[in-house]
There are 2 protein chains.
Amino acid sequence: MIKHRAIRDALLGRIVSGEWAPGRVIPGEVDLAREFGCTRATVARALRELVAAGLVERRRRGGTRVLGRSGRDAVVTIPIVREEIEAAGHAYGYERLTVREADPPEPIRQAFGLRPGAAAVHVACLHRADGRPAQVEDRWINAAAVPAVRTQDFRTVSPNEWLVRAVPYTRARHEFRAERPTDRLRGLLDLAPDEWVFVVERRTWREDAGITVAHLYNPADRFRITTRDPVAFGVDPGAG
Amino acid sequence: MIKHRAIRDALLGRIVSGEWAPGRVIPGEVDLAREFGCTRATVARALRELVAAGLVERRRRGGTRVLGRSGRDAVVTIPIVREEIEAAGHAYGYERLTVREADPPEPIRQAFGLRPGAAAVHVACLHRADGRPAQVEDRWINAAAVPAVRTQDFRTVSPNEWLVRAVPYTRARHEFRAERPTDRLRGLLDLAPDEWVFVVERRTWREDAGITVAHLYNPADRFRITTRDPVAFGVDPGAG
DNA sequence: CAGTGGTCTAGACCACGCC
DNA sequence: GCGTGGTCTAGACCACTGG
């Protein structure tokens, strides 16, 4: 029986049951500590978790207030194509299409904060499931931030897996959208005549330097992204 | 100067700089407390935040180990069409298309955990930006879990906004995918001849009872979902 | 079984911000 | 001003687990 978790769950129950409606100010730490027979510190820890979960807000002198859940935040795990394919019981296949050092196009250069003429490496490759095309990966890597990329030919190791090992990053942003495929994509992915592609765009930074911009093109007919609730608690039981 | 935050940031720096590489076991709480001139409790709090951020894992006797960032988790804010439209400076328009009480189809019934014959309310409506169709909302609401839905005609209030006020939920799941539009959708959304729709599927529960299943159909040509980093720290500075 | 993290107490001082 | 949360200390005991 972990006290701070029992307290957190008790308070959570009062909130989701509606006993403590959104907008209401709940009892102060001292009162709760008395009610639960513990010290302020333990109550404070429970309340800190509720804050992290976005269920309450706290203000000095103003007390702790229950928030209405607009409930718009969700956590999405960016799928790694290799793991998806293997988890589905299919044979994973990897094929490097092209690799070249070149001037990145303007949008990429902007993302990297590079001056015109600065070098970057472009890699394109194809991931297969049981031989069937599953994803085209089109990626620019900032050669200034990752010099080692020049010595890599990506013939057997996919850019994603190489980067994860080679360069820790500190920040990532993703975008999901659907697009009309180019003719090249249509051929590579063996798309139906009218089929679109589901694009996952992934950008990573190390501090302020852009590392990579990747476009992951998936056949829209057989691709989806799912979310789960913000970690809040449930996962990661010991963390607060 | 908040000590636990200073310590957390110092440790974070050693991790992202590579001084403490993934896999490495970092000094114990007692050593860190001595180094930073504080008590174990303060160091523990800093480390708890690093755990929550997914940067380290801790085990009794095993110590605190730096994790490699596969970096696959991202937070996505589910867009609310009205806010998106108004934020873009357009006039928001709402039109209820249909509302009826009916037997939900099998997949919906399954999501609600309802027996055949149990009632639910179906609502369809259209959201516009400057008169132009922006999103079709197709939603089932569990009448058993939300009896008040029977008295609502949704003529002026959208189901989403009504539900947020009326029924707190405890759990939500979303799915993003792209689909061929039906003819009805093509007409309602004024889609280009070959255009697909970007579907956001949203399901919410209260405890174990399903509340609603919504399909939000967006013209794929002008819709995207973006993510940000897991809250970790930065947002919500006081929370841990 | 020893050493690590996990938890909790009792008490203190501080800082902010409604009233 | 004064009550609230925010932080920190000093010390204690426990629980797990790797060597």
Side-chain angles (χ1 to χ4, degrees), chain A residues 1-12 14-15 20 23-67 231-240, chain B residues 1-12 14-15 20 23-67 231-240:
Chain A
M1 127 102 162
I2 298 105
K3 254 184 181 174
H4 73 83
R5 197 170 310 167
I7 296 171
R8 175 246 275 168
D9 290 342
L11 302 180
L12 173 65
R14 295 178 197 178
I15 291 171
W20 286 348
R24 158 158 187 175
V25 174
I26 76 173
E29 289 186 357
V30 197
D31 291 338
L32 291 174
R34 187 165 36 234
E35 173 186 347
F36 289 102
C38 65
T39 56
R40 256 189 74 204
T42 306
V43 169
R45 177 161 177 187
L47 287 169
R48 225 185 301 135
E49 298 193 23
L50 294 179
V51 171
L55 290 169
V56 301
E57 80 180 347
R58 319 189 66 194
R59 233 172 279 173
R60 290 173 157 99
R61 173 74 193 181
T64 300
R65 185 177 303 269
V66 178
L67 294 175
V231 352
F233 18 80
V235 198
D236 222 326
Chain B
M1 128 102 161
I2 299 105
K3 254 184 182 174
H4 73 84
R5 197 169 309 168
I7 295 170
R8 175 246 276 166
D9 290 341
L11 302 180
L12 172 65
R14 294 178 197 178
I15 291 170
W20 287 348
R24 159 160 187 174
V25 174
I26 76 174
E29 288 187 356
V30 195
D31 290 340
L32 291 174
R34 188 165 36 234
E35 175 186 345
F36 289 103
C38 64
T39 57
R40 255 189 75 204
T42 306
V43 169
R45 177 161 178 186
L47 286 169
R48 225 184 303 135
E49 298 193 22
L50 293 180
V51 171
L55 290 168
V56 301
E57 79 181 347
R58 318 190 66 194
R59 234 173 279 175
R60 290 173 157 102
R61 173 74 194 186
T64 301
R65 187 177 302 271
V66 178
L67 294 175
V231 350
F233 16 81
V235 198
D236 222 327

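Within every chain, numbering begins at 1; the chains are lettered A, B, ... in the order of the sequence lines, protein sequences first and strands thereafter.
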Between [N] ([atom2]) and [X] ([atom1]): distance, integer Å:
{"X": "Glu49(B)", "N": "dG5(C)", "atom1": "CD", "atom2": "C1'", "value": "17 Å"}
{"X": "Glu57(B)", "N": "dT4(C)", "atom1": "CD", "atom2": "P", "value": "17 Å"}
{"X": "Arg8(A)", "N": "dG6(C)", "atom1": "CZ", "atom2": "C1'", "value": "14 Å"}
{"X": "Arg65(B)", "N": "dT4(C)", "atom1": "CZ", "atom2": "C1'", "value": "13 Å"}
{"X": "Arg48(B)", "N": "dC8(C)", "atom1": "CZ", "atom2": "P", "value": "10 Å"}
{"X": "Leu11(A)", "N": "dG5(D)", "atom1": "CG", "atom2": "C1'", "value": "15 Å"}
{"X": "Glu29(A)", "N": "dT9(C)", "atom1": "CD", "atom2": "P", "value": "13 Å"}
{"X": "Ile26(B)", "N": "dT4(C)", "atom1": "CD1", "atom2": "P", "value": "13 Å"}

Can you tell me which residue among Arg58(A), Arg48(A), Arg34(A) is in a salt bridge (Lys or Arg N to Asp or Glu O under 4.0 Å) with Glu29(A)?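 Output: one option passes, namely Arg58(A).
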
Which nucleotide in dG5(C), dT7(C), dC8(C) has an atom nearest any side-chain atom of Lys3(A):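 Closest of the options to the side chain of Lys3(A): dC8(C).
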
If you check the Arg5(B) side chain, which of dT7(C), dG5(D), dT7(D) turns out closest?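 Comparing dT7(C), dG5(D), dT7(D) against the side chain of Arg5(B), the answer is dT7(D).
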
Arg24(B): which residues meet the salt bridge (Lys or Arg N to Asp or Glu O under 4.0 Å) condition with it, sequence neighbours left out?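 With sequence neighbours excluded, Arg24(B) shows a salt bridge (Lys or Arg N to Asp or Glu O under 4.0 Å) to no residue whatsoever.
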
Sequence-distant partners of Arg14(B), salt bridge (Lys or Arg N to Asp or Glu O under 4.0 Å), two or more places apart: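 Applying salt bridge (Lys or Arg N to Asp or Glu O under 4.0 Å) to Arg14(B) gives Glu35(B).
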
Students often get this wrong, so: under 4.0 angstrom with heavy atoms, is Ile2(A) touching a base, only sugar-phosphate, or nothing?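 Sugar-phosphate: the residue Ile2(A), judged by heavy atoms under 4.0 Å, touches backbone atoms but no base.
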
According to side-chain contact (heavy atoms from CB on, under 4.5 Å), who are the partners of [X], at least two apart in sequence or on a separate chain?
{"X": "Ile2(B)", "result": "His4(B), Arg5(B)"}
{"X": "Arg65(B)", "result": "Val25(B), Glu57(B)"}
{"X": "Arg61(B)", "result": "none"}

Between Thr64(A) and dT4(D), is there a contact of a side-chain N or O with OP1 or OP2 at under 4.0 Å?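 Thr64(A) to dT4(D) OP1/OP2: no side-chain N or O under 4.0 Å.
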
Using OP1 and OP2 only, check whether a side-chain N or O of Thr42(B) sits under 4.0 Å from dT7(D).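 Indeed not, no polar side-chain atom of Thr42(B) lies that close.
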
In B/S/- notation (B base, S sugar-phosphate only, - none; protein heavy atoms under 4.0 Å), nucleotides 11-19 of chain D written 5' to 3' is -B--BBBBS

5'-most by nearest nucleotide on DNA chain C - Leu47(B) or Gly37(A):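 The residue mapped nearer the 5' terminus is Leu47(B).
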
Evaluation steps, side chain to side chain contact (heavy atoms under 4.5 Å, CB included), between Leu50(B) and Leu11(B): CA-CA 9 Å; Leu50(B) 293 180; Leu11(B) 302 180; 3.8 Å; yes

